[in-house]
Amino acid sequence: MAVCLLAYTAKAQQTLQVEDLSNPLDVYTSIEDQAALRVRCHQDLSLSFSSTHDESVIPFKKDLEGNDSIYYFEFPTGKEYRGRILTIVSPGYTFVEVPLELSPKQLVTLRVFDPNSLVDAGCYRKHRNQGMAELKKGNYTEARNQFDLASQCSDTDPDENFANLRKVDSLIVLRQEADINYDLSDYAKASEIYSRIIGLNPYDEYAKERLNECNIKFSSECTITFKKAEAYFNEREYEKAKELYEKIIKKECFQAPMAADRITSIDRFMTSKKYHATVLTYEWTDGAPIGFHIGRYNMHKAGGYFHMNINQKIFDALRNAGEIGDNPEAQFGFGWTLKIANPIWIHFGPGLGAKLYYGDYKKDKYPDKKGKPVDPEDVKDEDRDKLNASFSVNPEIGVTIKHSYFAIRATYFYRFAMKKELEDYMGRHHFMLGIGVAF
């Protein structure tokens with residue numbers, strides 16, 4: 001819970017300041033949902049307290065630690081205590097009001113001090129105060145010198161001074177590390193360290209400025225690297241592209257998810273290329289000897305394929321140059337491929353077929369297998385050029401043998417004629433053979 005600190009100054013009186021020293025990990029152990037407040041001040045200050053939401057504010061304990069007095073309070077919490085304001089009073093000083101929003105089990109630590117009396121308050125406090133001032137400015141070497149002098153004072157607080165020395169030593173080391181990484185253009189690492197410095201010393205303007213520069217340079221570097229990778233990817237220079245995409249992921253750029261997707265695509269393509277997963281074959285079947293097939297025959301997962309077959313009479317039909325006895329034919333198929341055991345794959349799927357014939361035949365007078373009418377005498381002269389179509393559904397299954405750059409396919413398909421009367425004309429059982437390349 002954040003504690004906002006407000007000070008009010010009155011004429012002809014000195015001013016107290018309040019510093020929040022709370023640690024978010026501090027917990028107050030209580031039976032019910034109380035919170036605790038710990039107030040630290042120099043023993044020369046005499047403090048009294050009051051609250052807008054409590055009848056009395058009396059410490060349940062007061063300790064002396066070094067030259068500091070420490071007051072301990074317990075407060076109830078809940079909705080009815082929202083907006084609580086703690087008032088701190090000391091003779092000769094302006095009172096200080098502190099808005100105090102407390103949560104159950106919370107422990108808040110405040111330090112009350114007179115900023116104008118620190119110089120004259122003793123050897124230790126003088127050098128500690130000067131050290132803290134230099135630390136806030138980011139002058140860590142000078143701050144450490146002041147803390148060293150403070151450690152030599154007779155009234156030193158050894159625990160507090162040790163903590164200050166350890167903090168400033170950490171800041172000195174972190175700044176050196178951050179600057180080295182910045183000079184090496186490792187802006188991601190430098191940015192991380194400058195952020196840690198700001199966490200220890202939120203007043204360090206140098207670290208804030210460097211952090212902003214790192215973020216700008218890092219973002220720019222990521223964008224440039226990603227654009228280069230995309231250029232290589234579009235030019236199919238996949239090895240160079242992959243190297244840059246991996247750098248993007250390693251640096252944790254915001255383009256990292258897109259880079260990961262690209263790497264997956266590249267790996268898939270390289271694997272396909274290595275095992276020649278794409279197969280292109282010339283396909284032949286009785287009645288439609290002109291055909292082609294293309295498909296994916298993967299090593300570890302299913303693929304897909306498509307084929308189309310026609311005969312040369314289709315071209316006559318398109319030019320309106322057909323006649324009775326012609327059998328223009330076209331069929332299409334698609335489906336899935338699965339590896340059985342290298343180098344054998346199976347393929348299966350649905351298909352569609354169309355076989356055309358000329359003439360408007362009377363009922364029950366359909367063409368024979370060669371496309372001629374059962375009774376040519378039944379065909380009227382004006383209907384001899386009329387083009388009719390017979391359609392079928394063709395489930396198919398077959399095997400593909402693929403080795404290195406070569407592939408052979410054999411497919412069986414069954415024709416379900418949409419018109420039962422045309423079953424004989426369409427034919428039921430068919431085979432298709434293909435030969436081609438794998439790449």
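Just so you know, these numbers use all the heavy atoms, side chains as well, and skip hydrogens, waters and symmetry mates.
Contact check for I224 versus K228: side-chain heavy atoms found under the 4.5 Å cut-off. Side-chain contact between R84 and E101 is absent, with no heavy-atom pair separated by less than 4.5 Å. Put simply, the side chain of E235 does not reach to within 4.5 Å of the side chain of K240, judged on heavy atoms. Using a 4.5 Å cut-off on side-chain heavy atoms (C-beta onward), F334 and P350 make contact.
For the pair I290 and Q312, the tightest heavy-atom approach, listed with the atom from each and the gap, is CD1-N, 4.1 Å. Among all heavy-atom pairs drawn from Q106 and L102, the shortest one is OE1-CA, 3.5 Å. Here the shortest heavy-atom pairing between A302 and L338 reads CB-CD2, 3.5 Å. Taking both residues in full, the closest heavy atoms of D33 and K105 are given as OD1-CE, 4.2 Å, listed atom of the first, atom of the second, then distance. Heavy atoms only, all atoms of each residue included: V57 and S50 are closest at CG2-C, 3.7 Å. M418 and V393 make their closest contact through SD-CG2, 4.0 Å (heavy atoms, listed as atom of the first residue, atom of the second, distance).
Ring-plane geometry between H53 and Y81 is classed as tilted, the angle between the planes lying from 30 to 60 degrees on a 0 to 90 degree scale. F49 and Y71 have perpendicular rings, their planes meeting at more than 60° on a 0 to 90° scale where under 30° would count as parallel. Ring-plane geometry between F233 and Y245 is classed as perpendicular, the angle between the planes exceeding 60 degrees on a 0 to 90 degree scale with a lower cut at 30. Classification of the H293-Y305 ring pair by plane angle, with boundaries at 30° and 60°, yields tilted.
Open room surrounds OH on Y405; 12 or fewer heavy atoms of other groups in view lie less than 6.0 Å from it. In the displayed structure, E80 atom CD is contacted under 6.0 Å by more than 12 heavy atoms of other residues, nucleotides or ligands. More than 12 heavy atoms of other residues, nucleotides or ligands lie within 6.0 Å of CZ in F292, so this atom counts as buried by the packing criterion. Atom OH of Y232 is surrounded by 12 or fewer heavy atoms from other residues, nucleotides or ligands within 6.0 Å.
Taking 4.0 Å as the cut-off between side-chain N and carboxylate O, K208 and D204 do not count as a salt-bridged pair. Between K420 and E423 a salt bridge is recorded (basic side-chain N to carboxylate O distance below 4.0 Å).
With hydrogens and angles left out, the side-chain atoms of N394 and Y414 include no donor and acceptor closer than 3.5 Å. In summary, the side chains of Y194 and D179 do present a donor paired with an acceptor at a separation below 3.5 Å, with no hydrogens or angles considered.
Remark: R38 fails to qualify as a cation-pi partner of F73 under the 6.0 Å distance and 45° angle criteria applied to the six-membered ring. A cation-pi contact links R111 to F113, judged by a cut-off of 6.0 Å to the six-membered ring centre and 45° from its axis. For the pair K402 and Y297, the NZ or CZ position fails the cation-pi test of under 6.0 Å to the six-membered ring centre and within 45 degrees of the ring normal.
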Exercise. When you look at E160 and Y124, which way does the side-chain contact (heavy atoms from CB on, under 4.5 Å) test go after all the steps?
Worked result: CA-CA 11 Å; E160 181 184 58; Y124 170 71; 2.5 Å; yes
For this session: Evaluate the criterion side chain to side chain donor-acceptor pair (under 3.5 Å) for residue pair H307 and E283; output intermediate values, then yes/no.
Result: CA-CA 8 Å; H307 72 82; E283 300 285 309; 5.9 Å; no
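Judged as a disulfide (SG to SG under 2.5 Å), and not counting sequence neighbours, C41 has no contacts.
Counting only distance, with no hydrogens or angles, the side chain of W345 and the backbone of R296 share no donor-acceptor pair below 3.5 Å.
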